[in-house]
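What follows is a set of notes on a single structure, which appears directly below.
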Amino acid sequence: MSALVAHQVRKVYQSGFEALKGIDLSVAEGDFFALLGPNGAGKSTFIGIITSLVNKTSGSVTVFGHDLDRAPQQVKSVIGVVPQEFNFNLFLPVQEVVINQAGYFGIPRHEARARAEFYLRKLDLWERREQQTRQLSGGLKRRLLIARALVHRPRLLILDEPTAGVDIEIRRAMWEYLRELNADGTTIILTTHYLEEAESLCRHIAIIHQGNLIARTNMATLLKEL
Ligand code: ADP
Ligand code: ADP
């Protein structure tokens with residue numbers, strides 16, 4: 001089954017700027033997929049459309065068989081999103097961020113607490129569960145975003161530049177955790193402009209350039225050709 005099928009996805013912003021010019025892309029279930037491209041290429045716009053943050057102008061998107069236009073709630077329920085920026089309340093205790101997110105997905109409070117503990121331990125944040133999120137460093141905030149994205153057990157995890165501005169040690173720990181998650185069956189799509197990150201993690205990559213998908217390939221094949 002495909003985790004994601006995008007067909008002729010276009011985005012024209014209010015300004016008249018055409019950020020996506022008809023993207024066709026499919027990602028298989030279980031894949032670890034990187035969307036590469038320079039700043040301004042349209043990566044965040046594409047991710048924004050799949051995660052219901054941006055309305056597409058035309059085209060279709062299907063996630064695990066659910067059509068984004070006809071079944072937006074089903075699409076949301078199978079996706080976990082790790083945004084580029086920290087969009088949580090800075091005065092909320094760390095564990096409440098994860099518990100509240102579970103609440104949005106209708107997970108009962110006792111189950112939400114158990115899951116929050118599980119993911120906060122996994123991401124080495126359990127010791128800091130009572131701290132306000134503003135006390136976390138950049139790398140820890142990023143890990144909290146991952147814990148929050150996983151609490152409803154999404155089949156597809158989407159990360160927008162997950163390790164931008166994160167130091168090398170934390171980056172490697174995050175990579176290791178993402179590999180583990182993928183090995184356990186979660187399909188992962190990330191955007192990055194580090195080729196090294198894509199190389200280290202991903203089985204397939206696609207390159208977006210000025211709103212067009214200009215290449216899609218198997219990472220192993222690409223490395224052989226270089
Ligand atoms: P692998 O052989 O490692 O599984 P491939 O890169 O050959 O991977 O392609 C995996 C799947 O993605 C294939 O089913 C292929 O038809 C499909 N595919 C390849 N290129 C594209 C593309 N540009 N857009 C959508 N699907 C593609
Ligand atoms: P990337 O994530 O690859 O850096 P984006 O998807 O953020 O690219 O942006 C693609 C293009 O769309 C850029 O030229 C950007 O300036 C433009 N863009 C992004 N958001 C808006 C908006 N709200 N209105 C108009 N143009 C936008």
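Start at 1 and go down the list; that is how both ligands and their atoms are numbered. Along the sequence shown, residues are numbered consecutively beginning with 1.
For the pair Ile189/Leu4, a side-chain contact is recorded, criterion being any heavy-atom separation below 4.5 Å from C-beta on.
By the side-chain hydrogen bond (donor to acceptor under 3.5 Å, both in side chains) test, Trp126 is found to be paired with no residue, residues two or more places apart in sequence or in another chain being considered.
Taking a heavy-atom cut-off of under 4.0 Å, ligand 2 is surrounded by Tyr13, Ser15, Phe17, Ala19, Pro38, Asn39, Gly40, Ala41, Gly42, Lys43, Ser44, Thr45.
For the pair Arg172 and Tyr177, the cation does not sit on the ring face, since its NZ or CZ is not both under 6.0 Å from the ring centre and inside 45° of the axis. Taking the ring axis of Phe64 as reference, the NZ or CZ atom of Arg155 stays within 45° of it and closer than 6.0 Å to the ring centre.
Heavy-atom contacts from other residues, nucleotides or ligands closer than 6.0 Å to CG of Asn55 number 12 or fewer.
For the salt bridge (Lys or Arg N to Asp or Glu O under 4.0 Å) criterion with Glu117, the lone passing option out of Arg121, Arg113, Arg115 is Arg121.
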